[in-house]
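Comments concern the structure below.
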Amino acid sequence: MTTTTTEVRAAAPPRLRRSAAARFVRNREAMLGLVVLIVVIGISVLAPWLATYDPNAGDPENVLAPVGSAGHLLGTDDQGRDVLSRLLHGGRGALVVSIVSVAVALLIGTVLGLYGAFAGRRTSGVLMRIIDLMFAFPVILVALSLAAVIHPGPWVLIGTVVFGAVPYVTRIVFAEARIEREKDYVEAARSLGASEAAILRTEVLPNLLSSVVIYGTSLVGVNIVFTASLSALGLGIQPPSPDWGRMISEGAKVLVTGNPGVATFPALAILLVALAFNWLGDGLRDVLNP
């Protein structure tokens, strides 16, 4: 009786799985990144209950209160809004936009990369030339075009990130799938009568998932910074909704003359979350591709 690659993978000894988990736990950066992300996501979800003030409610009599003021741990902004409350709520949009956009880009890029690797030479060549054109297209111009068509907001950020990330994901999957299709287990599956679709789904894709997950995790960290930059330019989440990128833009106006924490604290939050995703990605790489 012939055993397929999928069956062999499913029958992997529990000891190997425990070994992979042990490697991840021993990776201090990966564990630190995981803990930071759990804390940040938890705080963002619970922001309505953790925040002591309405993030959009201003107090004209308490404008630009310094850090440590009574009732305002991180001070207030130029409209008298509590910085801590806005910081807690601002993470929700940044995380949702980055994670959703990267997930969509991974899905599209994986499908295109697999199709290009197993398609005919002419079809593959046309697809890759289109991907090359996407590489050459300025991403900021995509953001400006989307903002002009559908107005600034979360969908502009998601559309821009998807457009910018799909070419990279497609290239990575295409290159690795081309290598995998020449291996013996693919030839064995073909000799057993498996269709190309079945080979892609049950044989090749599982062997590429680790690379896709590792790249996607790091990509979320990069796009946390990128989407914050677009929001700071006024292309992302619109006021009065709190957003880390917009908080930096608003705080930059009073960085010297008022409360520097208005811009500093959201910038530190973005830096911390981006590093956490990168640390987690490095840990997953060590576990999935030791």
Side-chain angles (χ1 to χ4, degrees), residues 36-101 140 143-144 146-147 150-158 160-161 220-277:
V36 168
L37 292 177
I38 291 174
V39 171
V40 171
I41 292 173
I43 289 175
S44 299
V45 171
L46 299 175
W49 295 275
L50 295 176
T52 54
Y53 295 91
D54 182 344
N56 300 322
D59 182 4
E61 297 181 357
N62 197 17
V63 173
L64 294 176
V67 176
S69 300
H72 299 284
L73 182 62
L74 301 184
T76 61
D77 63 8
D78 58 348
Q79 298 183 38
R81 297 173 296 190
D82 183 63
V83 173
L84 178 58
S85 297
R86 291 181 63 78
L87 187 67
L88 296 178
H89 281 82
R92 307 175 87 184
L95 291 170
V96 169
V97 167
S98 297
I99 293 174
V100 169
S101 57
I140 190 64
L144 293 172
L146 289 175
I150 62 176
H151 304 296
W155 292 110
V156 171
L157 301 181
I158 292 174
T160 303
V161 171
V220 174
V222 172
N223 281 300
I224 287 282
V225 179
F226 178 66
T227 54
S229 302
L230 293 181
S231 292
L233 294 174
L235 300 175
I237 297 173
Q238 297 299 293
S241 299
D243 176 77
W244 288 344
R246 181 163 287 278
M247 288 178 68
I248 294 175
S249 177
E250 294 170 348
K253 302 173 185 176
V254 295
L255 188 61
V256 177
T257 59
N259 176 12
V262 178
T264 303
F265 289 117
L268 291 175
I270 291 171
L271 175 63
L272 181 62
V273 173
L275 286 175
F277 273 108

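The chain is numbered in sequence order, starting from 1.
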When you measure from the side chain of [X] to the backbone of [Y], do you find a donor-acceptor pair of N or O atoms at a distance under 3.5 Å?
| X | Y | answer |
| --- | --- | --- |
| Arg92 | Ser44 | yes |
| Glu250 | Ile248 | no |
| Ser98 | Leu95 | no |
| Asn62 | Gly80 | no |
| Arg86 | Pro55 | yes |
| Asn259 | Gly251 | no |
| Ser249 | Gly245 | no |

For [X] and [Y], which heavy atoms make the closest approach, and how far apart are they?
| X | Y | answer |
| --- | --- | --- |
| Met247 | Val83 | CE-O, 4.0 Å |
| Ala263 | Ala252 | CB-N, 3.9 Å |
| Arg246 | Gly234 | NH2-CA, 3.2 Å |
| Ala143 | Leu235 | CB-CD1, 3.9 Å |

For Val100 and Val161, run side chain to side chain contact (heavy atoms under 4.5 Å, CB included): C-alpha distance rounded to whole Å, both residues' side-chain angles, the deciding distance at 0.1 Å, then the answer. CA-CA 10 Å; Val100 169; Val161 171; over 6 Å; no
Is [Y] close to [X] at the side-chain level, that is, under 4.5 Å between some pair of heavy atoms?
| X | Y | answer |
| --- | --- | --- |
| Val156 | His151 | no |
| Trp155 | Leu146 | no |
| Leu275 | Val36 | no |
| Leu157 | Ser101 | no |
| Leu255 | Thr264 | yes |

Nearest 0.5 angstrom please: [X] [atom1] to [Y] [atom2], how far?
| X | Y | atom1 | atom2 | value |
| --- | --- | --- | --- | --- |
| Thr227 | Trp244 | OG1 | CH2 | 10.0 Å |
| Ile99 | Leu37 | CD1 | CG | 8.0 Å |
| Leu87 | Asp82 | CG | CG | 9.5 Å |
| Leu84 | Thr76 | CG | OG1 | 12.0 Å |
| Ile237 | Leu230 | CD1 | CG | 11.0 Å |
| Thr52 | Leu88 | OG1 | CG | 8.5 Å |

Test log, rule side chain to side chain contact (heavy atoms under 4.5 Å, CB included), inputs Ser85 and Asp54: CA-CA 7 Å; Ser85 297; Asp54 182 344; over 6 Å; no
Does Asn56 form a side chain to side chain contact (heavy atoms under 4.5 Å, CB included) with His89? I'd like the steps, not just the answer. CA-CA 10 Å; Asn56 300 322; His89 281 82; over 6 Å; no
Walk me through it: do Asp59 and Tyr53 pass the test side chain to side chain contact (heavy atoms under 4.5 Å, CB included)? CA-CA 11 Å; Asp59 182 4; Tyr53 295 91; over 6 Å; no
